[in-house]
Amino acid sequence: MPGNWGLIDLETPNDVYMKPSYTNPANDLQLVFSDEFNTDGRTFYPGDDPYWEAVDLHYWATNNMEWYDPAAITTKRGALEITLSQKETHGLHYEGGMMTTWNKFCFTGGLIEASVTLPGANNVVGLWPAIWTMGNLVANQTLDGLPRAATVNGDPQAGGALSYLPGQRLSRCTCPGESHPGPLHADGTFVGRSAPEIDVFEAQVYHGRDPLLSKLTDYKIRGNPPTGQVSQSAQWAVNLSITVYVADSD
């Protein structure tokens, strides 16, 4: 590919092309993708970049107060820069940015490294910077109410539905003769897909007296005075209201 559009940035130092594995130093990890963001003024509208694309949407799932717009993301002084601004847009009062490699660059395992400067102050609530990976095949959804097994014995607040979102069928439940995107187990049954989210980090400032924090789950510590915290987590769908997975030393 002409120019600096290969999987490995031409400005990535050669001494990081290979490095010992953290889990087993006898094994070497080979670099397969890098982006130094050294060229100023890059844009990430659809079609601008072969690997990255900025979204243009409201991330309602987490009740975000901002609209994500590609205009909020560029490169400057050797870094990717995402700007959060107070701006009237799409019926909201703020504009921010989110960038993904969805359907552009995928990997099945390895090591992710990033150098990040967090925004804001460590005692001011409201920001939620994060880097995470998401499985490309989402399987906790249904299509036109099928398969039925994915719509019952689930959330008691949703009529018992296990999944009530439109989207891909549960591939593990695909019947013989139906289209299926994945491989088979040795016994001939289909390999199921999940929606794994692995958070490299999520950063927030928590305040124990903030009434909004009353809805936070127990694993998030509420700081008083306001406390900056960074978390790492791994999440897999389908997540059933009746199922609890407990991690222990065993």
Side-chain angles (χ1 to χ4, degrees), residues 1-57 59 64 66-85 87 89 95-120 122 127-138 181-182 193 195-204 228 230-235:
M1 186 178 295
N4 192 9
W5 295 110
L7 284 167
I8 298 178
D9 194 316
L10 295 177
E11 298 187 29
T12 297
N14 291 336
D15 60 3
V16 299
Y17 276 37
M18 301 288 291
K19 67 186 323 177
S21 168
Y22 290 133
T23 57
N24 184 359
N27 295 331
D28 286 332
L29 300 176
Q30 180 179 353
L31 183 67
V32 296
F33 177 78
S34 67
D35 197 328
E36 306 297 332
F37 300 112
N38 281 340
T39 301
D40 286 356
R42 288 170 59 183
T43 57
F44 301 93
Y45 288 87
D48 284 355
D49 193 276
Y51 309 115
W52 303 102
E53 184 172 314
V55 301
D56 187 9
L57 51 80
Y59 203 71
N64 287 28
E66 76 278 12
W67 180 273
Y68 285 139
D69 196 297
I73 303 181
T74 187
T75 50
K76 186 183 298 182
R77 295 185 294 271
L80 179 76
E81 185 175 276
I82 302 176
T83 301
L84 176 67
S85 56
K87 178 180 179 180
T89 177
E95 179 185 272
M98 175 192 289
M99 193 167 74
T100 82
T101 63
W102 190 264
N103 280 339
K104 290 176 174 286
F105 173 74
C106 300
F107 62 95
T108 57
L111 173 68
I112 299 175
E113 293 185 330
S115 176
V116 181
T117 300
L118 296 178
N122 63 2
L127 301 179
W128 195 354
I131 297 177
W132 72 95
T133 66
M134 174 65 75
N136 201 43
L137 285 176
V138 180
R193 300 292 188 181
E197 175 186 332
I198 302 176
D199 296 323
V200 179
F201 75 81
E202 293 185 79
Q204 291 193 65
V230 176
S231 66
Q232 292 181 308
S233 66
Q235 305 156 39

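Quantities reported herein were computed from a predicted structural model and do not represent experimental measurements.
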Exercise. Salt bridge between Lys19 and Glu113, side-chain N to carboxylate O under 4.0 Å?
Worked result: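 Between Glu113 and Lys19 there is a salt bridge, with a charged N closer than 4.0 Å to a carboxylate O.
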Exercise. Is Arg77 salt-bridged to Asp40, cutoff N-O under 4.0 Å?
Worked result: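 Salt bridge: no.
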Closest heavy-atom pair and its distance - [X], [Y]:
X	Y	answer
Pro13	Glu36	CD-OE2, 4.2 Å
Gly97	Ala72	N-CB, 4.1 Å
Ala54	Ile73	CB-CD1, 3.8 Å

Exercise. Yes or no on side chain to side chain contact (heavy atoms under 4.5 Å, CB included) for Met99 and Leu80, after CA distance, side-chain angles and deciding distance?
Worked result: CA-CA 10 Å; Met99 193 167 74; Leu80 179 76; 3.4 Å; yes
For this session: Answer yes or no: is there a side-chain heavy-atom contact under 4.5 Å between Phe44 and Pro70?
Result: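 Sidechains of Pro70 and Phe44: no contact.
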For this session: State, with a plain yes or no, whether a side-chain heavy atom of Trp102 is found less than 4.5 Å away from one of Val55.
Result: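 A side-chain contact under 4.5 Å is absent here.
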Atom pair [atom1]/[atom2] of [X] and [Y] - distance to nearest 0.5 Å:
X	Y	atom1	atom2	result
Glu81	Thr117	CD	OG1	10.5 Å
Glu197	Met134	CD	CE	4.5 Å
Gln204	Leu118	CD	CG	12.0 Å
Ile131	Ile198	CD1	CD1	14.0 Å

Problem set entry | Neighbour count above 12 (heavy atom, 6.0 Å) for Lys104 NZ |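 Count over threshold, so yes.
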Test your reading of the model: is there a side-chain donor-acceptor pair from [X] to the backbone of [Y], 3.5 Å cut-off?
X	Y	answer
Asn4	Leu10	yes
Thr74	Arg42	yes
Ser21	Thr23	yes

Answer with yes or no whether the side chains of [Y] and [X] bring together a donor and an acceptor at under 3.5 Å.
X	Y	result
Glu11	Asn38	yes
Thr89	Glu95	no
Ser231	Ser233	no
Trp5	Asp49	no
Asp48	Thr43	yes
Trp128	Glu202	yes

For this session: Run through Tyr68, Tyr45, Trp67 and flag the one making a side-chain hydrogen bond (donor to acceptor under 3.5 Å, both in side chains) with Asp56.
Result: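 The residue from Tyr68, Tyr45, Trp67 that satisfies side-chain hydrogen bond (donor to acceptor under 3.5 Å, both in side chains) with Asp56 turns out to be Trp67.
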Exercise. Out of Asp35, Thr101, Thr100, which one pairs with Trp52 under the side-chain hydrogen bond (donor to acceptor under 3.5 Å, both in side chains) rule?
Worked result: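 Result for side-chain hydrogen bond (donor to acceptor under 3.5 Å, both in side chains) with Trp52: Asp35.
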Exercise. Hey, mind stepping through Leu29 and Tyr22 against side chain to side chain contact (heavy atoms under 4.5 Å, CB included) and telling me if it holds?
Worked result: CA-CA 9 Å; Leu29 300 176; Tyr22 290 133; 5.8 Å; no
Exercise. Is the gap between the ring centers of Phe105 and Phe33 under 6.0 Å?
Worked result: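 So the answer is yes for these two rings.
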For this session: Could you give me the CA-CA distance, side-chain angles and deciding distance for Val32 and Leu7, then say whether side chain to side chain contact (heavy atoms under 4.5 Å, CB included) is met?
Result: CA-CA 7 Å; Val32 296; Leu7 284 167; over 6 Å; no
For this session: Assess whether side chain to side chain contact (heavy atoms under 4.5 Å, CB included) is satisfied between Tyr17 and Thr12, documenting all intermediate values.
Result: CA-CA 8 Å; Tyr17 276 37; Thr12 297; 4.2 Å; yes
